[in-house]
Protein chains: 2
Amino acid sequence: MAKRQLIMEKAIELFAKQGIESTSVQQITELCGISKGAFYLSFKSKDELIVSIIDDFIKKITSDIDRVVNSPKNVQEKLYDFYLSSFKLLQDHREFAKMFIKEQLHTVNQALLNRINYYEQLTNQAMLRLLDELYGEKIKENKYDLLISMRGLTESYSKLFFTINVPLNLPLLARALVEKTNLLANHTSIVFLNENLVQQIKHPSTDYITITKIIQEIDRLKKIVTNQLESESLDILKNQLQNDVPTHAIILGLLQNIKNNEDCKWLVFMVEQYLNNK
Amino acid sequence: MAKRQLIMEKAIELFAKQGIESTSVQQITELCGISKGAFYLSFKSKDELIVSIIDDFIKKITSDIDRVVNSPKNVQEKLYDFYLSSFKLLQDHREFAKMFIKEQLHTVNQALLNRINYYEQLTNQAMLRLLDELYGEKIKENKYDLLISMRGLTESYSKLFFTINVPLNLPLLARALVEKTNLLANHTSIVFLNENLVQQIKHPSTDYITITKIIQEIDRLKKIVTNQLESESLDILKNQLQNDVPTHAIILGLLQNIKNNEDCKWLVFMVEQYLNNK
DNA sequence: TATAATAATGACTAATCGGTCAATTGTCAA
DNA sequence: TTGACAATTGACCGATTAGTCATTATTATA
């Protein structure tokens, strides 16, 4: 399993430098110091490697944003946290982000594209909830404009990460964007994005998360989680979810037990989404 | 020469759909209805095709923005024009824009990347001049933040062009972004980008435009310009520029003669830049 | 119409790609 | 030390790529 991790890391390195298509499996295996055959013991294909890398990371982003939005802090602080954690994630995974920005990924797997789109819609929903909480009725008309603007600002500043080679003052950046967001939210009068234009952004296919997928994720985690409490919680969680009458209180409690483990964040997010949409 | 144009158009079509790397020369020639050999009569290599396509378009963007910024209109109108012409350009060249967004082009030619970077810096300069004119001393501190924000907003809304399939109300969009720009310019207090962070954005390598390149461009245009006045102006312009003591007044007058020809815009821009930097 | 000049063709090459699998090496219980 | 089993290797495969060039078709000229 460590081999798999090694391959993914080295692959991200090369993908970031050269692009995905221009990086051959040969190059990856050479950088890892393994043979080509060994690569195909860990991954069925080059495509599976790409999907794994991106899937892993998107899960991290999505659950991170969701955690921020659902935190018990006051809303202004949440907005700050949203920006800060977005940029932190970027800084901590520079290489991946570089690769992700470099490729627009229209070349690869259609299924992967759908998934990316789905995750994007989920983060949009989370951001909209945050905006609702922050400004309420006041931005009813222009919340989609605000969403697009926030995305634009975030992306634009994100690019600086790759062109400027000094460590950035992330808290300051987050505060600057909070100010801009508040400005745009409170004083914008011209609405561009009407409901009509927004259908695509608004309605994600909410039936994407199924109980089967959750169980799969639990089984995957069972193999890598070492902590006793967490492992036990996973077992009970699996039983509860497969139960005909699952008890929400128990499930939510179990989620609390595992939510601090980085690997479990995606599972926590999925279960929460699943419960919300029932 | 028409063949060259055909190839470029069809290539853009395929590049936009499949990405540059995944599009083979074979596919391009098939779509054009010509043979593979014929392709290599028009282009030395696939790389030259890519460079030509991108170079052509970047010249168009750069000279367009410059034209807006240097127009005699009042400044608020210029800002509106800036946004409007940016989006118009995008709408008129959807396929190219799609391709440009899709690939981040780090795969190809390093020389091309340098050139893209150079053009980007030129547009930055033009935008900064516009901002200076608009807000003067007031945004001295945060003009770079404003620049980055404007770029972010533009890009973010640009993406809608490819996800939403209804024709967009561009004048409204331009007005909306003018409002946002004014808001950010007039009420932002937190400055993130200080002079220190901004070196890369600020100092383009200004020696890029040389008299040799200008002469080359004139020679190129001589072959395609049909209008009598324009053709004559090009001849005189060439003589003037090679003259030991070129007369600015004459040169500027000659530029007036050709500035309305789409093909000549880049030449006009280069000469202006050249004169400014002397 | 005959001849020269030019334009266009597509079979071909060498290189590289993702992916396979017989052969080899490493591990560990008996 | 042996032998059974698992892990690992890299030569090899078919497919595809960018680019070439001897040959053929077309056009211009005399």
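Numbered from 1 within each chain, the chains take letters A, B, ... in sequence-line order.
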Which part of the nucleic acid, if any, lies within reach of B:Leu41 when heavy atoms closer than 4.0 Å are counted: base, sugar-phosphate only, or nothing? base
- Message: Please classify the nucleic acid contact of A:Thr23 as base, sugar-phosphate, or nothing, using heavy-atom distances under 4.0 Å.
- Response: sugar-phosphate
By nearest atom, which of the nucleotides [options] is closest to the [X] side chain?
| X | options | result |
| --- | --- | --- |
| B:Lys36 | D:dA18, C:dC17, C:dG19 | D:dA18 |
| B:Val25 | D:dA18, D:dT8, C:dG19 | D:dA18 |
| B:Ser35 | C:dT9, D:dT20, C:dG18 | C:dT9 |
| B:Ala38 | C:dG18, C:dT9, D:dT20 | C:dT9 |

Integer-rounded Å distance: [N] [atom2] and [X] [atom1]:
| X | N | atom1 | atom2 | answer |
| --- | --- | --- | --- | --- |
| A:Glu30 | C:dC17 | CD | C1' | 14 Å |
| B:Ile28 | D:dA18 | CD1 | P | 8 Å |
| B:Phe39 | C:dT9 | CZ | C1' | 16 Å |
| A:Phe43 | C:dT20 | CZ | P | 15 Å |
| A:Gln27 | C:dG18 | CD | C1' | 13 Å |
| B:Ile7 | D:dG19 | CD1 | P | 13 Å |
| B:Gln26 | D:dA18 | CD | C1' | 10 Å |
| B:Glu48 | D:dG19 | CD | C1' | 13 Å |

* What are the two closest heavy atoms between B:Leu234 and B:Ile218, and how far apart are they? ->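 Here B:Leu234 and B:Ile218 meet closest at O-CG2, 3.8 Å.
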Handout entry: Nearest heavy atoms of A:Phe15 and A:Ile53, plus distance in Å
Key =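 Minimum heavy-atom separation between A:Phe15 and A:Ile53: CE1-CD1, 3.9 Å.
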Next item on the list: Could you tell me whether the side chains of A:Arg151 and A:Ser156 share a donor-acceptor contact shorter than 3.5 Å?
Entry: no
Query raised in the report: Without hydrogens or angle criteria, can the side chains of A:Ser52 and A:Arg4 be said to hold a donor-acceptor pair below 3.5 Å?
Result: yes
**OP:** Give a yes or no on whether the ring-centroid distance for A:Phe161 and A:Phe87 is below 6.0 angstrom.
**Re:**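 Here the rings of A:Phe87 and A:Phe161 have centres that are less than 6.0 Å from each other.
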| message | Side-chain N or O of B:Lys3 versus OP1/OP2 of C:dA7: is the shortest distance under 4.0 Å? | response |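 It does not, given that no N or O in the side chain of B:Lys3 lies less than 4.0 Å from OP1 or OP2 of C:dA7.
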